Amino acid sequence: MQNKKYSHLDILFTETDKKKLSELKVLLVGAGGIGCEVLKNLVLLGIPFIDVIDLDTIDISNLNRQFLFQKPHVGKPKSIVARESVRRFNDDENIVITSYMQKIQEFNAEFFERFDIVINALDNADARSYVNKMCLFTGKPLIETGTAGHLGQTTCHFSGVQCFDCEPREAQKTFPVCTIRSTPSAPIHCIVWAKNFLFPKLFQKLEEENDNDENSEDKESRKNEEDGYKKLLNERNNKEFEKMILKKVYKDDIIKLASLEKLWKGKKKPQPISSFDAKQPSNDSQKVWSLEENVFVFLKSVKNLNERFLDGQELFFDKDDEDAMEFVTSASNLRSIVFEIQTKSLFQAKSMAGNIIPAIATSNAMVSSLAIISLIKLLKNEKSKLGTTFLSPHPLPKVPRLLTHCKTLSRPDQNCSFCSANRAITKVDTNETNLNSFINLIASSFEFEAEEATVMIDGRLLFDPDFDDNLEKSLNSLGIKDASIVVVSTENEEQHPIYISIVHSQADQPMIYNIVKAANLKKRKAESESDDSDREIDAKKIKSVEVIADQDFVLIE
Ligand SMILES: [Zn+2]
């Protein structure tokens, strides 16, 4: 790295650090909002080996913040376009970027072993949790990133400190398209519909909708609905425009939807609204409006928003925009009335609609930079300076954000189902190996009686002392494949479950390695009672087929 291009690194790194940097292999999982930023930063640092994984293709809605993508890229794989676009930041041909358009759960532990550092730039908890497990199996440090609107955080997990799964998380709320578009059953479904479907449909200039929900019963009816919108939107200058919308959405479309018998088996059919009398409501935002009051507010807000649209204003949903919020409240309430769902006050609807958090480019950029700072600290082996950095709300008004760095990472949570358990990687030919020899391999390494084992995969029982039907079956036929995670537990109450990461290999003899034995439950409890949280983390290099009784190992020296 004698290149002038990297002279800015001289203030950061010693010659030894630069040597390490020149050999560094980084895995970046996710090439979305944060991933694009991280990739650009990695390339500017001159990291020579970068692998990028992303399953998604580029959507038009990504373009406002995922800056490696432009309009001609829509529909193309994110990982590939990101790899190509990022070259404009650094054309150094020594940088090798490899991209994969696959699900992260398809990559086994052997793949993860190739890297020095893994960076997560993901948007869902399942994928994050899988990468966390793979990093623990292979002893790789994981830099975890995330943003929510103006807020965000970066955490560096490595062996000996809390893992990503130590803190239980709330499940993400997403709704199937069909629930939102045709069969809502809760107020939030109607609010999401009003905000994410009807508002953009009426007041934003959108490209042709891409309906991927191929098999749905209501596809034909949705197409008719679409054609209806197209016709109506040519009537923006018509004095009756808002009344025409009201009639189409809550009467005509509902009559058609209710006629799809298959959709309503065992469910109550929606009832079209037959009379559209309007009555002005009071100014009390906590009061739930009547049907007539909702009609009044709907007509008023559509009229106002349509005028703003015709004036050339670019409209987007903002919960603090009075017209937009009145529109979403009344539109969702009228839909709730049609489907006999409870209606909400303006105040309640505002908090529900506001919870749907936008992705913000500056937050992504800040969190990505923090990820790179973590990477630099890892490279310089400054583990005591690593931790979580939060992008949090500032307590003072009008100061939007505050960066706070929390230096100390807690020790692994002894109740964490994963990092407090035993674990190992097993390399086997899953077609040739039967369950019996697999259990024997694990039992001999973890010193328990094979007959006492209970073996599960994805919550499915494969073997226990009272169920031995599968012993002669091949692992593959039982659903144990490359990259599977198998859980083996024993009758010994002192022993944690054992997680086994499967690497399918036809070439090698069955082998088990990277064995981590958790201390038994009693010892752990005693340890945690006399715990000193500032304890130094001592670094031992993990070697293949080495038993490490303590979990305090790290790979970067
Ligand atoms: Zn954990």
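Predicted model only: the values in this text are computed from it and were never measured. Atoms within a ligand are numbered from 1 in the order they appear, just like the ligands themselves.
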What pairs of residues pass the ring pair (Phe, Tyr, Trp, His ring centres under 6.0 Å) test when at least one of them lies in residues 409-433, not counting sequence neighbours?
-> Phe137-Phe418, Phe418-Tyr499

Step by step, would you call Asn431 with Ser474 a side chain to side chain donor-acceptor pair (under 3.5 Å)?
-> CA-CA 6 Å; Asn431 296 315; Ser474 76; 5.6 Å; no

Which N, O or S atoms belonging to the protein are less than 2.8 Å from the Zn ion (ligand 1)?
-> Cys163 SG, Cys166 SG, Cys416 SG, Cys419 SG

Taking all non-hydrogen atoms of both residues into account, name the closest pair between Ser374 and Thr154 and its distance.
-> OG-CG2, 4.0 Å

Between [Y] and [X], is the closest basic N to carboxylate O distance under 4.0 Å?
{"X": "Lys19", "Y": "Glu15", "answer": "no"}
{"X": "Lys25", "Y": "Asp51", "answer": "no"}
{"X": "Lys517", "Y": "Glu447", "answer": "yes"}

